[in-house]
Amino acid sequence: MASRVDDAARLWLPRQVAGEPEASREFAVIRAVAATALVAFPTVPLALSVALPVSLALPVGAALVGAGALIAAVGGIAYQRNRKLVHPGAQIRETPVDNSARQYDCFAGLVTIHDIRGSVTAIHGRDAESYLAWMRNPGGRGFIEQIHVSDRILFLQAIDALRQGDRQATIDIRLEHPNVFAGGEQFVHMRCEMTALGEAGGEFAILVQSRDVSEEARLRAEAIYKTRLAESANDAKTRFLAAVSHELRTPLNAILGFSDILSGEYFGKLENDRQREYVSLINQSGAHLLSVVNTMLDMSKIEAGRYELIPEPFRVADVVNACEAMLGLQAREKGVQLTSRIMRNVAEVNADQRAIQQILINLVGNAIKFTDRGGIVTIDAEVAGSNLNLIVSDTGIGIAENKLSTLGQPFVQIQNDYTRKYEGTGLGLSLVKGLVALHGGQFDIRSRPGEGTVITVTIALDGSGIVGIDEQEPVEQTMVEFPPRLKERTRKTTSEAHPETSPGDADGMNGGAGHDGSQAKTA
């Protein structure tokens, strides 16, 4: 009789691990209720027949006995399960594995012992009661059944790996949070540290220490979200630069062309020298703005990975001589000596000639700008193994060592708004670094305040480092807001004044007074 009652109970009770104490107590409750109902089934209708007709006493008595038996069975099972949730240590004392592992009660989090099928055979842990307060009964298959469906296979794979010989495994899973309130999280993120205990009590056992990492998961998701926002903002900035640069070049070319015509007086003489001066200033300002726009357009192409290099063999001496010819007048007007030294073994290099010339013009222009009258700017070209070294050195104001790490960030100046002495946009060195990277080269800078700066650009002679347009990746750089916002200016006393350095370019290197009164150079 008892076995038949147990067989019927297994059909509607949750599946348990064979021999688990809680299951035995639940079956005992059901057997006691069944025995009581068997006795009460004829007795209650017979007692009711004293006060009621027999036709009414039989169905009413049977209904009362059935309802009472059902309520008693449900209440008894619920009581047994509540005993497990409130007193998780009870089963620890009843199982051999738990008796040999009571030290696990000192471990943080929820510690569970699993068999080879993943079923929980024992529960430990210093914080077990706080976890069991919101979890459903994790005994038997209860732990696995509370894992998010997509994470269950990960948990079972980890168990299988431990069974096959691995000693430990770490996985992140999500456990269902029952009775969650509106706005709450449906799942709790848990990190499970799994360790194989080997054969314990004749059976394979696995120790799992679970800890709540929901806050870490939230911060990780928030970081991913903000990273995507930053990438989207950077892409928007790049598209904005490309569009604005392209649209500005057309009117700028018209300004330059008509100002050239006016200054040449092709359609009549200008009335006085002041008009000639104003026309010349318009032409110079337009040329400077066009140079900035072209630089911005090149930078946007590099950042988007769409700057196309056209490698071809050319003589290094031709590029150096062209740079000297373009910037020689600027150097002479400032009283700076511009020289070049090309080693005899330097012949041809396979690279983008326009890009290499632009690199030299930016570096030499910066060097001239930040070198005082009487200084020297030198261009050196040498071959080192299979590489070409282009070296631009000067005797200018130099750069403070703690500012070198910020070199090459676009739209940033070393000097602050009150100490700025040199004009520029801060794009030149950023463009130089991008062009050097597209050639697969290296950019190196050494400088000391008051002594000068040496910048070395190294590229492969055979062009083996050049990155094709299909292989380019967006250039990783510090996020820069563009158009830049106006910063709130706060004046400081003279004793507290300290220039902030940042990168510049041929149009944008800035210097500033250091603590010792010397100026700091940036590119």
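Glu216 has a carboxylate O that lies under 4.0 Å from a charged side-chain N of Arg191, or vice versa, which qualifies the two as a salt bridge. Between Arg228 and Glu231 there is no salt bridge, since no side-chain N of the basic residue sits under 4.0 Å from a carboxylate O of the acidic one.
Residues Ala108 and Gln209 approach most closely at O-NE2, 2.8 Å, considering heavy atoms. In terms of heavy atoms, Leu461 sits closest to Asn387 at CG-C, 3.9 Å. Of all heavy-atom pairs between Ala158 and Ile171, the closest is CB-CG2, 4.1 Å. The two residues Tyr131 and Met190 have their closest heavy-atom pair at CE2-CE, 3.5 Å. When every heavy atom of Val120 is checked against every heavy atom of His114, the shortest pair comes out as CG2-CE1, 3.4 Å. Residues Ala205 and Ile113 share a closest heavy-atom pair of CB-CG2, 4.1 Å.
To the nearest 0.5 Å, atom CD of residue Glu176 and atom NE2 of residue His148 are 9.5 Å apart. Rounding to the nearest 0.5 angstrom, the gap separating the CD1 atom in Ile391 from the OG1 atom in Thr456 is 4.5 Å. Rounded to the nearest 0.5 angstrom, Ile455 CD1 and Ile399 CD1 are separated by 6.5 Å. With values rounded to the nearest 0.5 angstrom, Gln146 atom CD is found 8.0 Å from Asn137 atom CG. Within the model, atoms CG of Leu219 and CD1 of Ile224 stand 11.5 Å from one another, a figure rounded to the nearest 0.5 Å. In this structure, the separation between CZ on Arg141 and CZ on Arg117 is 8.0 Å, given to the nearest 0.5 Å.
Within a 6.0 Å sphere centred on CG of Leu229, other residues, nucleotides and ligands contribute more than 12 heavy atoms.
Between Ile147 and Leu175 there is a side-chain heavy-atom pair separated by less than 4.5 Å. Two residues are said to be in side-chain contact when any heavy atoms from C-beta on lie closer than 4.5 Å; Glu193 and Phe107 fail this criterion. Within the 4.5 Å cutoff, the side chain of Ile144 has heavy atoms near those of the Leu156 side chain.
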### Task
Run the numbers on Ile173 and Cys192 for side-chain contact (heavy atoms from CB on, under 4.5 Å), then give the verdict.
CA-CA 7 Å; Ile173 61 174; Cys192 298; 3.5 Å; yes
I'd like to know whether Leu429 forms a side-chain contact (heavy atoms from CB on, under 4.5 Å) with Lys433, so could you lay out the CA-CA distance, the side-chain angles of the two residues, the decisive distance to 0.1 Å, and finally the verdict. CA-CA 6 Å; Leu429 276 190; Lys433 282 189 170 183; 5.6 Å; no
Could you walk me through whether Ile356 and Leu390 pass the side-chain contact (heavy atoms from CB on, under 4.5 Å) test, one step at a time?
CA-CA 10 Å; Ile356 298 300; Leu390 295 175; 3.9 Å; yes
When you look at Asp160 and Gln164, which way does the side chain to side chain donor-acceptor pair (under 3.5 Å) test go after all the steps?
CA-CA 6 Å; Asp160 185 63; Gln164 294 182 12; 2.8 Å; yes
Checklist entry - Can you check side-chain contact (heavy atoms from CB on, under 4.5 Å) on His189 and Arg218, steps first, answer last? => result CA-CA 9 Å; His189 294 263; Arg218 185 190 65 80; over 6 Å; no
Would you give me the side-chain donor-acceptor pairs under 3.5 Å for residues 434-444, sequence neighbours excluded?
| unit_1 | atom_1 | unit_2 | atom_2 | d |
| --- | --- | --- | --- | --- |
| His439 | ND1 | Leu435 | O | 2.9 |
| His439 | NE2 | Asp352 | N | 3.3 |

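Between His177 and Trp134, the ring-plane angle classifies as parallel under the 30° and 60° cut-offs.
The main-chain N or O of Val454 is never found under 3.5 Å from a side-chain atom of Arg446 such that the two would form a donor-acceptor pair.
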